Amino acid sequence: MTEIDLARVRAETRGCEDVIHFNNAGASLPPMQVADHLYAYLRDEEVKGGYETADMRRDELEHFYVAVARLLNAAPEEIAFVENATRAWDMAFYAFPLQPGDRILTTVAEYGSNLIAYLQQARKTGAELVVVPNDAHGQIDLDQLEALIDERVKLISISHIPTGGGLVNPAAEVGRIARKHGIPYLLDACQSAGQVPLDVEQLGCDMLSVTGRKYLRGPRGTGFLYVRKNWIERLEPPLLDQHAADLIDGEKFVIRPDARRFENWERFFAGQAALGTAVDYAMEIGLEAIQERVFALAATLRAGMAEIPDIRVTDEGAVKCGIVTFQHDRLGCRDVKVALGQQGINVSTSSGPGMKLSYMARGLEAGLVRASVHYYNSEPELERFLSVLRTL
Ligand SMILES: Cc1ncc(COP(=O)(O)O)c(C=O)c1O
């Protein structure tokens with residue numbers, strides 16, 4: 001594992017000159033290679049035409065599938081470009097045929113939009129949502145997961161790194177249980193892609209959804225879905241267009257055999273090409289090195305915050321990632337965000353629906369401040385953040 005060249009990655013991140021960006025779980029600052037690719041593509045669309053640019057840059061658009069497949073240890077035919085993680089996940093989830101009495105197993109820390117989809121499908125089909133309890137670390141309890149498995153369970157679906165905190169669910173262990181019992185496994189890797197290595201063989205997942213703008217440092221309005229080869233043709237997308245399916249005559253259509261059946265024809269082409277560059281950039285730096293630095297920076301931040309009397313860090317997990325969440329004893333999360341923003345530090349807040357079940361169970365519905373670091377953040381930035389926090 002080669003160490004990250006901090007000076008280089010900061011020089012290649014123009015935003016580092018202007019802000020201390022601890023909102024990488026919201027949207028990261030892109031490397032200049034990604035931003036410049038996007039601008040060049042859009043410039044071509046402006047002066048040459050959108051269709052003509054897509055023809056001219058066909059190789060870059062195709063490269064996106066190759067790059068993502070390499071990131072995940074998958075095949076390019078198993079990748080679909082989708083505009084965000086939610087829709088990517090939806091295209092897989094809503095394709096699942098569910099019957100009355102079928103069960104979906106999920107976690108306490110599940111993402112709000114996913115929870116809405118489970119509840120909607122449960123209402124429509126008579127299937128049942130079962131939330132697997134947490135273990136003592138706040139992650140999915142693997143023994144309870146296995147104990148809940150019976151012939152009614154038709155899907156296991158969890159978030160790898162949930163939206164509001166440092167938690168990393170043991171996704172590969174869940175995959176081993178899913179495989180052992182022959183149950184399909186949908187993994188929401190929205191916040192883990194670009195932060196930790198993802199290998200679909202090791203994870204044992206059959207479907208995986210990702211967004212471009214977070215730890216992958218791609219453009220907003222981009223994402224992708226992975227579907228394992230043997231599942232693609234068993235999943236009929238909830239929505240089809242003439243890119244996803246071929247119209248044979250006035251009465252018949254055939255859905256394409258690869259994962260692009262989950263795509264739209266019209267999409268953010270410039271974003272697709274630039275997301276390919278973002279994935280290449282992450283791969284070049286190395287996901288193991290990225291994980292090591294991101295987790296270490298966050299650990300330093302948590303240790304520093306533990307020394308500040310008014311701050312209470314709320315992260316769970318046996319292993320903690322780059323997302324640090326906390327509450328201030330006297331100030332609301334929005335006030336803290338504004339105060340930090342006035343000092344040139346970007347953070348976000350997390351409240352309400354994002355992780356409803358978890359926040360309700362832990363009495364955190366007032367909301368949290370979320371400071372999420374990336375490998376291009378520096379140690380002096382952490383110190384500055386802590387010193388501003390001390391003055392609030
Ligand atoms: C765990 C998780 N899943 C899904 C999403 C949704 O991603 P997107 O906004 O790209 O649809 C988020 C966004 O914060 C998330 O944290």
Side-chain angles (χ1 to χ4, degrees), residues 22-28 30 68 80-94 106-118 131 134 138-140 156-171 174 185-196 198 203 205 207-226 262-264 267-268 271-272 274-275 278-279 294 314-317 320-325 333 346-359 364 367-374:
F22 288 177
N23 190 12
N24 295 289
S28 283
V68 172
F81 176 80
V82 188
E83 67 263 35
N84 58 50
T86 304
R87 276 296 170 267
W89 185 96
D90 285 342
M91 290 304 278
F93 175 69
Y94 283 98
T106 191
T107 63
V108 179
E110 187 60 341
Y111 188 58
S113 297
N114 301 353
L115 204 53
I116 290 170
Y118 301 137
V131 179
N134 285 339
Q139 61 190 30
I140 185 169
I156 297 174
S157 175
I158 70 161
S159 295
H160 190 185
I161 293 184
T163 197
L167 183 67
V168 184
N169 267 315
V174 171
Y185 174 28
L186 168 56
L187 183 63
D188 177 340
C190 182
Q191 304 211 117
S192 48
Q195 183 173 184
V196 302
L198 293 177
L203 290 164
C205 59
M207 296 140 289
L208 175 147
S209 53
V210 169
T211 207
R213 73 182 185 278
K214 295 191 182 219
Y215 277 87
L216 278 175
R217 309 182 67 194
R220 295 198 69 174
T222 65
F224 55 83
L225 173 68
Y226 154 82
F262 300 102
E263 293 184 341
N264 289 321
R267 87 269 306 263
F268 182 20
Q272 177 175 332
L275 181 55
V279 171
V294 169
T314 54
D315 295 330
E316 298 181 293
K320 293 186 181 66
C321 70
I323 303 173
V324 181
T325 48
C333 57
N346 294 343
V347 294
S348 57
T349 57
S350 178
S351 62
M355 233 165 64
K356 191 85 177 167
L357 293 177
S358 171
Y359 290 170
L364 297 177
L368 306 171
V369 186
R370 185 174 71 164
S372 45
V373 293
H374 216 324

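Position 1 is the first residue of the sequence; numbering continues from there. What you see is a predicted model, and the numbers here were worked out from it, not measured in a lab. When a ligand or atom number is given, it counts from 1 through the structure's own listing order.
- Looking at C190 against ligand 1, only its side chain comes within 4.0 Å, counting heavy atoms.
- Taking all heavy atoms of Q191, K214, M355 into account, the minimum distance to atom 13 (C) of ligand 1 is reached by K214.
- Under 4.0 Å from ligand 1, the heavy atoms of R213 that appear belong solely to its side chain.
- For the pair V168/S192, no side-chain contact is recorded, criterion being any heavy-atom separation below 4.5 Å from C-beta on.
- No close placement of the F81 and F268 rings is indicated, their centers lying 6.0 Å or farther apart.
- Taking every non-hydrogen atom of T86 and a distance limit under 4.0 Å, the qualifying atoms of ligand 1 come out as 6 (C), 7 (O), 8 (P), 11 (O).
- By the 4.5 Å heavy-atom criterion applied to side chains, V82 and W89 are not counted as neighbours.
- Looking at D188 against ligand 1, only its side chain comes within 4.0 Å, counting heavy atoms.
- The shortest N or O to N or O distance between P162 and ligand 1 is not under 3.5 Å.
- At least one heavy atom of I161 sits less than 4.0 Å from an atom of ligand 1.
- Residue contact check: T163 has heavy atoms under 4.0 Å from atoms 14 (O), 16 (O) of ligand 1.
- Sorted by first and then second residue, the salt bridge (charged side-chain N to carboxylate O under 4.0 Å, His left out) pairs involving residues 85-94 (not counting sequence neighbours) are R87-D90.
- Pairs of residues two or more places apart, or lying in two chains, never qualify as salt bridge (charged side-chain N to carboxylate O under 4.0 Å, His left out) while including a residue from residues 209-224.
- Between L216 and A278, the shortest heavy-atom distance links the atoms O-CB, 3.4 Å.
- Residue contacts with ligand 1 do not include H160, since none of its heavy atoms lies under 4.0 Å from the ligand.
- The shortest distance between side-chain heavy atoms of L357 and V131 falls below 4.5 Å.
- Atom 5 (C) of ligand 1 has Y111 CE2, 3.3 Å as its closest protein atom, hydrogens excluded (heavy atom only).
- Looking only at heavy atoms of the protein, atom 10 (O) of ligand 1 is closest to T211 OG1, 2.6 Å.
- Here the side chain of Q191 pairs a donor or acceptor atom with the backbone of P162 at under 3.5 angstrom.
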